[in-house]
Q: 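Dropping a structure here in structure tokens format, bear with me for questions.
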2 protein chains.
Amino acid sequence: MARKTKAEAAATREALLDAAEEVFLEKGVARTSLEQIARHAGMTRGAVYWHFKNKADLFQAMLNRVRMPFQELVEEIGGPSLADAPLEAIRLACVSGFARLERPRYRRVHAILIHHCEVFGDIDPLAMQNEMAEESCGALRDYLESAARLGQLREDLSPELAARLLQSMLGGLFHDWLRNHEQFSILEQGNLLVENQLGLFRRQA
Amino acid sequence: MARKTKAEAAATREALLDAAEEVFLEKGVARTSLEQIARHAGMTRGAVYWHFKNKADLFQAMLNRVRMPFQELVEEIGGPSLADAPLEAIRLACVSGFARLERPRYRRVHAILIHHCEVFGDIDPLAMQNEMAEESCGALRDYLESAARLGQLREDLSPELAARLLQSMLGGLFHDWLRNHEQFSILEQGNLLVENQLGLFRRQA
DNA sequence: CACCAACCATACATTGACGAATGTAAAAGT
DNA sequence: ACTTTTACATTCGTCAATGTATGGTTGGTG
């Protein structure tokens, strides 16, 4: 095959990753061959093995396109508002996360990671999920402790417990929505649930 | 090989299913061969193909050993107490479910179904999860509507919304625990979370 | 302008899982 | 006691997927 421009080569690489997302989501990671991915992108396995070492490497590259550390979500909500209104900061961070998840690429990759792949090669999706869970739970706990210090939390509710409740609720919502995103909008439903759950946390109903 | 008595044959069948549970949980469904399952049970693939048609059939048989319809959980909690105390009925049903999940067989099979298998043959774990979710959410809504009619719910909280909150929280807890059950006890943690979440739902804090 | 390496296709070797066919020895039936 | 069926073990053919090696064309760089 003829050599391509650097831009064209990068484009085919992206096309391969796009194809991987679609086929992985449709048929599951284990049941899709590199041949199927290549054909779906209009290429052959040669292209795949040029750009990626193997299936696990391609999978990792697919994940790297959607890395969103929690810090980015915090930065998106503005800044100094979190100092005196931590509960509102949590809500806005959640909204920010929901908005990202509605972008097809983010939704697809997370759905694949959580519902359409097993342990595989040197990639352990469960370990990744654990990391995500602990990170978000820790951040929630920080904000809720701040809220407790400011007297914005019910006195019979510890920030630790509130963080676990909220984290479990968010995790369940996340899983449910990723399972079939056509059933509801995570932005609407998520807003509703987070708002009300935080309302239950607040002092004086 | 020599023929075994009916009891012995049934025992080897159970042994094969036990082995399947362990190997599936350790290596994932797609990455384990029937050979590995058979060897782990001290047999060969011949035994597997005698008792089961193929991998999907074995998988289905494994699932059939842990079917627990929601109705059983309700029956376990006693009976007439649910009429005037629906919130307590919910709590007891959850406790009952948590207790079951701590039995190794139930825990393993659910962990496999949710975290260690993809779509596979004529088996769609996501569809099963959807069934489970809708069934439990519907039951929760029924009880919470009953609680609302009895004036046991906060007036600013619709039973519909409460059901979604609780269902998401339970689902998140479920997933988190199945991901690594060594981190905490679902019976303790589940009791704590359900109790407090229901407490937040109740009228007059 | 020349030449090399990038970029991808093609062909080939290897692996390993499945499933069916066959073997067989003891339990069940008669 | 004789036959039949059961409950496996063993072997083998097939096929799909992987990984590698090779070839061919052209963009990029000196």
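The figures that follow rest on heavy atoms only: side chains count, while hydrogens, waters and symmetry mates do not. Below, read A as the first sequence line, B as the second, and so on, with proteins coming before strands; counting in each chain starts at 1.
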Q: To the side chain of B:His51, which of C:dG19, C:dC8, D:dC8 is closest?
A: D:dC8
Q: Measure from CZ on A:Arg45 to P on D:dA21 and round the result to the nearest Å.
A: 14 Å
Q: Of the nucleotides D:dC8, C:dC7, C:dC18, which has the atom closest to the B:Ala9 side chain?
A: D:dC8
Q: Begin from the C-alpha positions of A:Ile186 and A:His181 and carry the test side-chain contact (heavy atoms from CB on, under 4.5 Å) through to its verdict.
A: CA-CA 8 Å; A:Ile186 195 176; A:His181 63 99; over 6 Å; no
Q: Quick one: which of B:Glu182, B:Glu188, B:Gln189 gives a side-chain contact (heavy atoms from CB on, under 4.5 Å) with B:Ser185?
A: B:Glu188
Q: Output the rounded distance in Å from CD1 (A:Ile37) to P (D:dG19).
A: 12 Å
Q: In whole Å, I'd like the distance from the CD atom of B:Glu35 to the P atom of C:dA20.
A: 17 Å
Q: Round to the nearest Å and state the distance from B:Lys53 atom NZ to C:dG19 atom C1'.
A: 12 Å
Q: Out of D:dA17, C:dC18, D:dT20, which nucleotide sits closest to the side chain of A:Tyr49?
A: D:dT20
Q: For D:dC8, does OP1 or OP2 lie under 4.0 Å from any side-chain N or O of B:Thr12?
A: yes
Q: Take the protein atom CG of A:Leu16 and the nucleotide atom P of C:dC8, then report the distance between them rounded to whole Å.
A: 8 Å
Q: Starting from P on C:dA17, measure out to CZ on B:Arg31 and report it in whole angstrom.
A: 9 Å
Q: What's the closest nucleotide to the side chain of B:Leu34 if the choices are C:dC8, D:dT29, C:dC18?
A: C:dC18
Q: Nearest to the side chain of B:Asn54, which nucleotide is it out of C:dC8, C:dA11, C:dG19?
A: C:dG19
Q: To the nearest angstrom, how far is B:Asp57 atom CG from C:dG19 atom P?
A: 11 Å
Q: Could you please name the option among C:dA9, C:dA17, D:dT20 that lies closest to any side-chain atom of B:Ser33?
A: C:dA17
Q: For A:Ile114 versus A:Leu178, what's the shortest heavy-atom pair and its separation?
A: CD1-CD1, 3.8 Å
Q: May I ask you to verify if any side-chain N or O of A:Trp50 is less than 4.0 angstrom from the OP1 or OP2 atom of C:dC7?
A: yes
Q: Between B:Ala7 and B:Thr32, just flag the one whose closest nucleotide in DNA chain C comes earlier from the 5' side.
A: B:Thr32
Q: I would like to know whether B:Gln60 and B:Phe52 meet side-chain contact (heavy atoms from CB on, under 4.5 Å); could you show each step before the answer?
A: CA-CA 10 Å; B:Gln60 188 69 50; B:Phe52 310 99; over 6 Å; no
Q: Tell me whether the rings of A:His110 and A:Tyr106 are parallel (<30°), tilted (30 to 60°) or perpendicular (>60°).
A: parallel
Q: Name the closest nucleotide to the B:Met43 side chain, picking from C:dC18, D:dC8, D:dT18.
A: D:dC8
Q: Using whole Å, what does the distance between atom P of nucleotide D:dA17 and atom CZ of A:Arg39 come to?
A: 13 Å
Q: Between C:dA11, D:dT11, D:dC8, which nucleotide gets closest to the side-chain atoms of B:Ala47?
A: D:dC8
